Amino acid sequence: MSITVKTFPRLVDAAGALAQERGARFLAGGTLVMRDVNNADPEIETIIRSTDPSFSHIAASSGRVELAGGVTMAAVLAERDLAFLHPVARAVGGPALREAATIGGNLFAGRGDFATALLALDATVILAGGFGQRELPLDDFLGRGDRGAALVSAVAFKRPTGEALRFTKVTRVHPKGLSVLSIAAQLPLASGRVTGARVAYAGMSPAPFRAKAVERALEGRSLDAAGIAPALAVASDGTSPADDPIASAWWRREILPVHLRRLLLGAGHA
Amino acid sequence: MLEFRKDIFADERDDNLMEIGQPTQRQDMLGHVTGTSPYYDDHRFANLLHLKILRSPHAHARIRSIDDSVAARAPGVKRIIRAADVPVNLNTLLGLIQFGKDDEPSLATDIVRYKGEPILGVVATSERAALEALALVRVSYDPLPAVFDVEEALKPGAPSVNPSYPKNTFEYYGKYDHQKLRYGDADAAFAQADVVLDERYQMSPIEHAPTETNGSIAVPDTNGRFIVYTSTQALFFSLDTSAKINAMPSNQLHFIGGTVGGGFGGKVDTMTEPLSILAARLTGAPVRYRFSRHEEMQFGSPRGGERIYIKDGVMKDGRIIARKVRAYFDSGAYTRLSSYAVVKCAAHIPGPYTIPNVHADVFCVFTNRTPATAMRGFGVTALDFALECQMDKGATAIGMDPLEYRILNAYRDGDMKAHRREAKNCALIECAQVAAEKANWPLRDEFRKMSSRKDGGAAHVGGAADRTRAPASPAATRAPASTPQRVAYERPAPASPPRTAPAAPPPRSAQPPPPAAPAGSTHGAPRFSSVFGTRRR
Amino acid sequence: MKTPIQFRLNGEDVATFADGGANLLDVLREGVGDLSVKGGCWQGTCGTCTVLIEGVPRLSCVTLAETCTGRSIETTAGLRHGADLHPLQKAFMERFAAQCGYCTPGMLMAAKALLDRNPNPSREDVVEAIGGNICRCTGYEPIINAVLDAARTDSRRHT
Amino acid sequence: MAKHRGRGVATINYPIGMNLGGDPSQALVHSNPTGKFTVALSSIDLGQGMKSVTRQICAETLGVPVEDVYVDTADSDTGPHCMGSFASRGTHRVGNAVMVAAREARAVMMEAAAEELEVDPSDLETDGKGSIRVKGAPHRSISVRDVAIAAHGGFGTQRRHGHIRQGKTIAGRGIFLVPLSDVDPETGEMSPATCYAHACLIAEVEVDDETGDVTVLKMTSAYEIGRAINPKLVEQQLVGGSWMGMSHALYETPEPYYPDTRNGPRDFNEYLMPGPGDICPHDILVLERPAPDGPFGAKGPGEMCANPVLPAIANAVFNAVGVRINDLPITPEKILRALKARGSGSAPARLR
């Protein structure tokens with residue numbers, strides 16, 4: 001009837017318990033789990049959490065950025081070295097929510113705006129398990145159906161150089177609204193030409209994913225109307241948007257290329 | 001930015017008052033900013049129990065069986081409340097004013113008629129315990145065909161939603177399936193109209209979304225009475241409804257409320273009090289029944305959807321000579337207050353305009369959705385949306401400025417309304433003039449001079465002026481090509497005189513055009529001279 | 001099984017027992033009896049239950065209560081010092097920035113979190129700070145103006 | 001990408017009080033032993049300011065400072081009957097009931113004062129500051145406090161005259177009722193309301209023709225509300241109400257695919273309403289044409305202030321991009337569908 005809360009000093013032990021216990025959910029910031037707990041979700045019998053200091057660690061000074069799963073959006077906003085991610089973190093909820101919402105949690109949110117940016121950064125997920133850590137590319141992780149039992153220990157990625165990360169979130173309500181869709185893009189330029197573009201969407205499929213057709217179409221192109229035309233032509237490839245309470249699949253499909261164009265032409269910085 | 005135009009209608013007011021008109025601080029403001037205003041849930045009781053409700057997952061279904069045996073033994077559960085426990089399990093809100101038949105159970109008996117309809121309650125030591133027990137109740141249903149569209153619901157063979165009203169429409173005067181409004185002869189007038197506009201409008205349902213959800217706490221008192229702390233918007237409506245459903249003398253109930261976290265109409269329906277009182281009676285303990293946000297959003301009554309068809313007959317000179325309205329209120333599965341809104345809507349047709357031929361049919365329709373209720377502007381908001389979009393289309397159709405088109409047709413003191421009462425205390429024209437001036441919306445001189453007052457305000461301000469719809473003096477008339485010369489603004493008598501003779505709109509042709517306005521009259525033209533750059537006094 | 005929970009509430013040490021998994025909002029209201037905190041959704045979507053934990057705004061309804069053990073929590077009940085209202089409370093009154101008053105405590109705490117960090121906010125800063133708080137009555141304008149007023153009087157007081 | 005501006009207008013009126021009348025409200029007013037008054041109601045303050053409006057009406061009618069009046073609502077044991085807070089009936093119906101009750105209480109208060117001052121009640125007037133004085137002879141006055149003490153046979157007062165205590169109850173009862181009107185089933189002939197509030201609202205919007213997004217840039221309005229009992233409370237209603245109107249026009253619905261019931265919102269993320277970043281400047285003008293049967297001419301601005309916003313915005317959208325959206329809410333999707341259906345052929349309507 002009442003829920004059991006188990007707190008572990010070491011994240012690895014929390015991961016172990018999470019893997020074994022049925023009806024267990026891992027609580028980081030609480031914004032997702034506590035809502036279900038308040039609603040007496042019968043799936044939740046045990047809350048597992050960890051006080052491991054490493055779980056809120058930010059390593060951002062070097063070329064390789066590593067953000068622990070328990071890092072909050074507020075912590076990202078407080079870190080000068082992560083300025084390129086500030087527009088993304090600010091797009092998540094209101095100030096109070098950002099003090100709780102974590103990077104790990106965002107990978108499980110249906111419309112992970114932050115996860116979308118991480119995809120565009122080609123991030124790797126580091127999963128904590130009972131038997132130590134496992135690394136895998138973020139888009140593989142997000143592509144998986146069964147993310148439930150996983151515990152995201154950290155995400156890591158190469159700091160973007162030159163061209164900043166581009167991000168746009170489409171929402172009906174300002175400043176804090178649920179995202180209809182969001183687009184993140186990393187567009188490294190070599191003598192004015194895109195090389196190794198990374199473009200990701202949220203809100204266009206069950207989980208955030210990389211728009212690989214767009215990435216390919218941008219390769220070697222310049223970021224002007226003519227240069228991006230092929231990319232816009234394939235903007236919707238692989239998308240499977242749904243009707244939901246805030247927007248229809250039709251509208252999402254219609255406006256995706258518009259916002260992608262504005263982002264690529266530099267009009268869409270968040 | 002708010003500013004008063006005390007100069008307008010000043011002659012009708014005595015502004016020599018002490019407290020009235022003062023920006024006095026709200027009596028409740030200190031409580032609000034210190035978090036000490038006592039809302040219903042700000043009362044604490046030892047051993048408070050919590051009521052949670054099992055709701056139908058189907059829009060329309062027969063309940064085959066309910067098994068709550070496991071739930072009844074679940075930890076923390078004090079009592080299961082079933083339909084059979086409700087002393088009077090059929091009610092309609094407006095029964096208190098003898099309007100409509102009892103048609104809604106507090107807990108569904110054999111059939112559920114909308115998704116979210118209450119079926120059974122669990123009273124437990126915590127909300128969590130109650131929710132966990134609800135998850136253990138087993139109900140089997142035979143789904144029934146459902147109808148969700150108001151016009152589909154009126155077609156022959158449509159599923160019947162509400163057994164008290166088998167034809168899916170509320171009954172008016174025991175003889176009609178809708179409310180009528182008949183004035184003049186609209187159909188005859190359409191034949192004479194230069195332009196006829198036939199349009200369809202749809203108002204969406206609206207959730208009141210008060211930040212405090214509906215709720216109440218019923219507390220057994222020392223003397224056999226019950227004290228009920230409630231979020232209701234209508235204290236005695238809720239008290240008398242609760243007394244009826246619980247078959248109790250009303251003086252056994254002591255309702256305390258009055259400080260409410262927003263309502264907007266969504267707290268008129270007495271949705272929690274009858275069952276929290278029943279639960280307190282059955283357990284002998286204080287019981288709270290509080291809507292979750294999800295319940296408030298989806299299962300608390302919304303403003304109902306309204307579909308409205310409007311047909312206008314318009315003359316090239318801007319006069320609207322006929323308006324026909326057909327409107328459908330989506331009442332959901334039960335009546336609640338939509339039946340009343342329908343009459344209010346009919347009374348509001350054709351809007352704040354004098355139209356000699358008006359014809360309306362307004363229906364209260366039952367569908368398999370959450371019952372609708374009152375909301376801010378009840379019966380009028382949707383109609384105003386439809387009417388004012390229609391006015392814009394009318395103006396566009398004849399190439400007239402939309403605001404001048406409204407002023408031209410606006411009702412004035414002494415005009416006859418479609419529900420056969422004389423218009424009094426009108427001020428639509430003045431609102432239009434003042435707003436236009438502020439927004440720099442150009443109005444031609446004659447429209448700036450018009451007035452809502454019978455004699456154009458002349459009697460009130462000494463200076464007569466051309467503020468009626470009598471012909472403007474040739475000099476004053478500088479109508480652009482887009483607007484045909486107003487030969488006469490007077491209204492034609494209805495094509496066929498209405499039943500009650502005095503109700504016929506006064507033929508304007510009988511009125512001689514008043515003399516032109518002298519400069520310096522304090523009401524009318526000079527006030528709007530700022531449009532020409534002169535500063536307003 | 002009940003869990004003991006201790007924290008500082010508006011400068012005073014408080015302790016209570018709560019059900020496992022209890023949220024901070026319910027513990028503040030039912031456990032400790034601080035009724036200045038209001039609940040609007042228990043979903044983390046309306047901001048009505050906003051409190052300050054260690055000076056930062058948090059949604060108490062989605063905060064696991066036991067994670068607050070040993071921490072310092074501020075609510076509207078602690079805003080005024082004796083008879084003196086906090087500049088935000090005064091400004092909300094002067095601007096008539098409350099109607100039903102139910103969202104007001106959460107608005108005040110969201111605004112306090114802003115002013116404590118940024119005594120001279122722009123209108124945009126204020127809009128951002130209350131962005132997670134729903135008000136159904138006022139249309140927000142008077143609330144925004146009240147927070148800006150409070151900032152002015154507050155900074156005047158400090159300088 | 002092109003953004004188009006447009007203006008739209010709406011003019012509306014609104015009936016005050018329950019349609020057809022038949023909606024009584026009652027009030028009780030009494031003084032405590034030292035001349036402070038309590039208004040007992042069962043009416044509800046759900047934010048609209050019922051407590052404050054009736055308090056000012058009571059003070060004005062009694063002729064005492066507003067600080068000396070407290071409104072106690074809503075308790076079914078002490079407050080007399082009220083239909084409730086809806087249909088814009090609060091200020092008009094409850095306000096009238098409070099006026100009637102306050103007049104009765106004032107009459108007793110003036111009698112008691114007259115007895116103390118040994119004059120005829122008709123020779124007395126209140127100064128609105130807590131005293132009652134002889135007309136034309138302000139030096140001959142007595143405080144409401146002393147009147148109450150004398151009337152109630154209060155304790156330990158200094159008496160200028162050796163009168164026995166009066167034993168009066170300074171109290172009043174009030175009821176206001178607009179008689180119920182019948183409706184003619186055939187013609188709809190009826191008396192729906194006794195007075196009407198009025199409004200005109202002009203909205204200016206910007207529409208993005210590639211996404212359908214609408215930004216409301218400005219609102220200008222004029223509201224005629226009879227008598228403004230309290231300008232600050234009127235402003236609260238008009239500012240908050242126009243926000244709600246904008247919300248109804250562009251955002252809100254618990255059934256986004258109505259009449260299909262799919263995808264109903266469950267929380268404040270999914271139920272869309274404009275946030276503090278979506279509001280716009282609003283110039284409001286207030287006109288006061290007193291209602292013959294309103295308390296001090298007051299009508300009621302609470303409900304109607306939202307109504308003109310919906311059509312004004314719809315008309316502004318048409319003015320901006322030339323498409324009519326006849327279904328609420330006017331979502332960007334509906335505008336985009338209409339723009340695509342129309343094609344690039346016809347040009348947007350003229351900018352006003």
Side-chain angles (χ1 to χ4, degrees), chain B residues 1-2 23-48 50 75-76 125-129 131-132 206-213 215 231 233 258-267 288 290-297 375-376, chain C residues 18-23 26 29-31 33-49 51 61 75-80 83 85-86 88-109 133-138 141-142 146 150:
Chain B
M1 203 6 241
L2 178 128
T24 309
Q25 183 53 270
R26 294 173 63 111
Q27 183 181 292
D28 53 8
M29 188 62 93
L30 183 61
H32 286 353
V33 301
T34 52
T36 54
S37 294
Y39 302 88
Y40 89 90
D41 198 21
D42 294 333
H43 299 88
R44 286 284 152 273
F45 304 96
N47 314 315
L48 178 70
H50 305 264
T125 50
S126 70
E127 286 193 335
R128 159 171 294 278
L131 288 168
E132 287 176 341
I206 299 282
E207 156 58 21
H208 308 81
T211 46
E212 171 204 56
T213 60
S231 67
Q233 263 179 261
T259 301
V260 176
F264 313 104
K267 292 175 177 172
R288 180 176 72 193
R290 176 176 75 184
F291 272 16
S292 71
R293 178 54 59 183
H294 182 196
E295 283 175 305
E296 187 75 42
M297 286 265 174
M375 189 181 184
R376 189 179 210 160
Chain C
D19 290 332
N23 64 66
D26 290 345
R29 286 181 59 83
E30 326 268 333
D34 182 345
L35 300 175
S36 73
V37 190
K38 309 298 178 188
C41 70
W42 282 264
Q43 299 166 317
T45 63
C46 75
T48 303
C49 67
V51 301
C61 76
T75 70
T76 299
L79 261 186
R80 72 190 286 179
L85 294 179
H86 186 280
L88 276 165
Q89 293 173 306
K90 288 183 191 155
F92 268 59
M93 290 187 77
E94 282 156 18
R95 284 285 187 168
F96 283 71
Q99 286 184 39
C100 82
Y102 200 77
C103 76
T104 308
M107 284 285 182
L108 286 166
M109 299 320 284
N133 294 64
I134 299 287
C135 174
R136 187 60 158 157
C137 301
T138 64
E141 185 69 27

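Computed from a prediction, not measured in an experiment: that's the story for all the values here. Just so we're on the same page: letters track the sequence lines, and every chain starts at 1.
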May I ask you to name which of [options] has the most heavy-atom pairs under 4.5 Å with chain C?
{"options": "B:His208, B:His294, B:Glu212", "answer": "B:Glu212"}
{"options": "B:Ala209, B:Gly263, B:Ser292, B:Gly262", "answer": "B:Ala209"}
{"options": "B:Thr36, B:Thr34, B:Thr211", "answer": "B:Thr211"}

Structural part of [X] lying under 4.5 Å from a heavy atom of chain B:
{"X": "C:Gln89", "value": "both"}
{"X": "C:Glu141", "value": "neither"}
{"X": "C:Cys41", "value": "both"}
{"X": "C:Ile134", "value": "both"}

**Item:** Intermediate values then yes/no, side chain to side chain contact (heavy atoms under 4.5 Å, CB included), B:Leu30 and C:Leu85
**Value:** CA-CA 9 Å; B:Leu30 183 61; C:Leu85 294 179; 3.9 Å; yes
Checking the side chain of [X] only, and the main-chain atoms of [Y] only, is there a donor and an acceptor separated by less than 3.5 Å?
{"X": "B:Asp28", "Y": "B:Ser37", "answer": "no"}
{"X": "B:Arg128", "Y": "C:Asp19", "answer": "no"}
{"X": "B:Gln25", "Y": "C:Met93", "answer": "yes"}

At a 4.5 Å cut-off on heavy atoms, which part of [X] comes close to chain C: side chain, backbone, both, or neither?
{"X": "B:Phe264", "result": "side chain"}
{"X": "B:Pro23", "result": "backbone"}
{"X": "B:Arg26", "result": "both"}

**Asked** Parallel under 30°, tilted from 30 to 60°, perpendicular over 60°: which one fits the rings of B:Tyr39 and C:Tyr102?
**Response**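 Ring orientation of B:Tyr39 relative to C:Tyr102: perpendicular.
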**Complete:** Taken to the nearest 0.5 Å, the spacing of B:Glu207 CD from B:Arg293 CZ works out to 7.0 Å
**Prompt:** So which heavy atom on C:Thr104 is nearest to which on C:Ala98, and how close?
**Reply:** OG1-CB, 3.4 Å
**Item:** For chain B, the option from C:Gly101, C:Cys137, C:Cys100, C:Gly106 that forms the most heavy-atom pairs under 4.5 Å
**Value:** C:Cys100
**Request:** Under 4.5 Å, counting heavy-atom pairs only, tell me which of C:Gln99, C:Arg80, C:Met107 racks up the most with chain B.
**Result:** C:Gln99
**Asked** Under 4.5 Å between any side-chain heavy atoms of B:Pro210 and B:Glu296, yes or no?
**Response** yes
